[in-house]
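Worksheet for the structure shown next.
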2 protein chains.
Amino acid sequence: MKKINVKKGTVLQRKGDINSKVYLVESGLLRSYIIDEKGKEHIYMFGPENWLVTDNCESDIPCQLYIDAIEDTTINVASKEELLKEGPDLNALLRRLNTMQNRIIMLMSSNAKKRYEHFISTYPNITQRVPLKMVASYLGITPEALSRVRNELSQQK
Amino acid sequence: MKKINVKKGTVLQRKGDINSKVYLVESGLLRSYIIDEKGKEHIYMFGPENWLVTDNCESDIPCQLYIDAIEDTTINVASKEELLKEGPDLNALLRRLNTMQNRIIMLMSSNAKKRYEHFISTYPNITQRVPLKMVASYLGITPEALSRVRNELSQQK
DNA sequence: GTCATTTCTTGATGTACATCAATGTATAGA
DNA sequence: TCTATACATTGATGTACATCAAGAAATGAC
């Protein structure tokens, strides 16, 4: 477990890297994402304070996610083997599973407006910290669509 | 850990149930799903032989998934506490995380055709065992759309 | 503080998939 | 084996969101 500081914009991991690490965010903000065959980014996860960011792949195969820093960030880095040896935090794992389950259900059953509402209730403090287009990318919609959803929501009040 | 046999159609768990269990499928086929506010089913997961089916929620809060049997099924049932005590299978947990990550990425970045192709490569033997409409529900598209995708794919050859 | 670049918004148009409806085809129960 | 019910297919139409384009606003570099 090694503590490092990275500047905004630093790429910690690229698709295809072997032996991808686990990043525990102490302060700042990371994101993990894929780039599809059209060159479009899809954000898989934001990693604010206390979040664990990693590619959930075996450590000896090429990973599929890019991970970079959206803000200047302080991280604790560990290898997966290391974490497995010292016995991982089971409750954290279960919480992670729950978060992913909710995300899948949201993606399957919600329209743009409900996805956004779900997002701001799950990550209330992140909305201000990341550009709208990244939120859109996380939700699986375009920036234009999200802009219109926001408009609609603010007019309702 | 108790072994039980259930008939096709048996509902093992309903939304709102407390203390949801973990079901390890020995033979047969389970599915877990939600019903949205329009009454539409969205299949979260299929559980064929050797799969673990459960709602990833804490055991003392109402669960959100329905779980039922698509075929006559033999299952080993355990409480979550029980499993946690005896030390869960870490590799299985990690594989589960990987599966969910792939599902999320698929839902965010793929159209109907690619979702279906991804599905048949992931679950090649399940396609024959479940009605098309359930596959569609798992993919997040309508039965009509899946029917047309299939048509298109078979004409290409 | 100025200029360049990125981000956000708004409008016009396009498209993938949903919905609705009708018909055909399996499946299951008596 | 017959009938009822669930399931699958096909066509016509609708709609949510994508794409494209242009201008406005914010952000960052020097």
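For clarity, every value in this text was computed on a predicted model and none was experimentally measured. Quick note: numbers below take in every heavy atom, side chains included, and nothing from hydrogens, waters or symmetry partners. Within every chain, numbering begins at 1; the chains are lettered A, B, ... in the order of the sequence lines, protein sequences first and strands thereafter.
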- Task: Using distance alone, with no hydrogens and no angle criterion, decide if Lys80(B) and Ser20(B) have a side-chain donor and acceptor under 3.5 Å apart.
- Result: yes
- Message: Once salt bridge (charged side-chain N to carboxylate O under 4.0 Å, His left out) is applied, do any residues pair with Glu37(A), and if so which ones, sequence neighbours excluded?
- Response: Lys114(B)
- Message: Does Arg31(B) qualify as a cation-pi partner of Tyr138(B), given the criterion of NZ or CZ under 6.0 Å from the six-membered ring centre and within 45 degrees of its axis?
- Response: no
- Task: Pull out every residue in residues 130-138 of chain B that has a heavy atom closer than 4.0 Å to any atom of DNA chain D, ordered by number, or say none.
- Result: Pro131(B), Leu132(B), Lys133(B)
- Query: By side chain to side chain contact (heavy atoms under 4.5 Å, CB included), which residues pair with Glu49(B), not counting sequence neighbours?
  - Reply: Arg129(B)
All N/O donor-acceptor pairs, side-chain side in residues 139-147 of chain B, below 3.5 Å, sequence neighbours left out:
| unit_1 | atom_1 | unit_2 | atom_2 | d |
| --- | --- | --- | --- | --- |
| Thr142(B) | OG1 | Ala145(B) | N | 3.2 |

- Min side-chain heavy-atom separation Ile104(A)-Ile104(B) under 4.5 Å: yes
- Message: Once ring-ring contact (aromatic ring centres under 6.0 Å, His included) is applied, what residue pairs with a partner in residues 8-43 of chain A remain, sequence neighbours excluded?
- Response: Tyr33(A)-Tyr66(A)
- Task: To the nearest Å, give me how far apart NZ (Lys114(B)) and P (dC17(C)) are.
- Result: 11 Å
- Contact residues, residues 65-75 of chain B to DNA chain D [heavy atom, < 4.0 Å]: none
- Message: Test: side chain to side chain donor-acceptor pair (under 3.5 Å). Region: residues 3-18 of chain B. Which pairs qualify, not counting sequence neighbours?
- Response: Lys3(B)-Glu26(B), Asn5(B)-Thr74(B)
- Item | Closest approach of Gly47(B) to Val53(B) (non-hydrogen atoms, all atoms of both residues) | CA-CG2, 3.6 Å
- Message: Could you work out how much the helix from dG1(C)-dC30(D) to dA30(C)-dT1(D) bends, comparing the axis of its first five pairs with that of its last five, to 10°?
- Response: 60°
- Listed in order of residue number, which residues of residues 139-146 of chain B have a non-hydrogen atom at under 4.0 Å from DNA chain C? Gly140(B), Ile141(B), Thr142(B), Glu144(B), Ala145(B)
- Message: Please report the distance, rounded to the nearest Å, between NZ in Lys113(A) and P in dC17(D).
- Response: 10 Å
- Message: Regarding Lys40(A), tell me which of base, sugar-phosphate or nothing describes its non-hydrogen contacts under 4.0 Å with the strands shown.
- Response: sugar-phosphate
- Query: Rounded to the nearest 0.5 Å, how far does CG of Leu52(A) lie from CZ of Arg95(A)?
  - Reply: 10.0 Å
- Does Arg150(A) make a side-chain donor-acceptor contact with the base of dT10(C), cut-off 3.5 Å? no
Using the 3.5 Å cut-off, write out each protein N or O paired with an N or O of nucleotides 14-16 of chain C and the distance between them.
none

- Note on the structure: By salt bridge (charged side-chain N to carboxylate O under 4.0 Å, His left out), Glu58(B) pairs with (sequence neighbours left out) none
- Note on the structure: Per-nt protein contacts along nucleotides 22-30 of chain D (heavy atom under 4.0 Å; B base, S backbone sugar-phosphate only, - none) come out as ------S--
- Parallel, tilted or perpendicular, as decided by the 30° and 60° cut-offs, for the rings of Tyr123(A) and Phe119(A): tilted
- Does OP1 or OP2 of dT9(D) have a side-chain N or O of Asn151(B) closer than 4.0 Å? no
- Task: Report yes or no: do Leu83(A) and Leu94(A) belong to one cluster of Ile/Leu/Val/Met/Phe/Trp/Tyr joined by side chain heavy-atom distances under 4.5 Å?
- Result: no
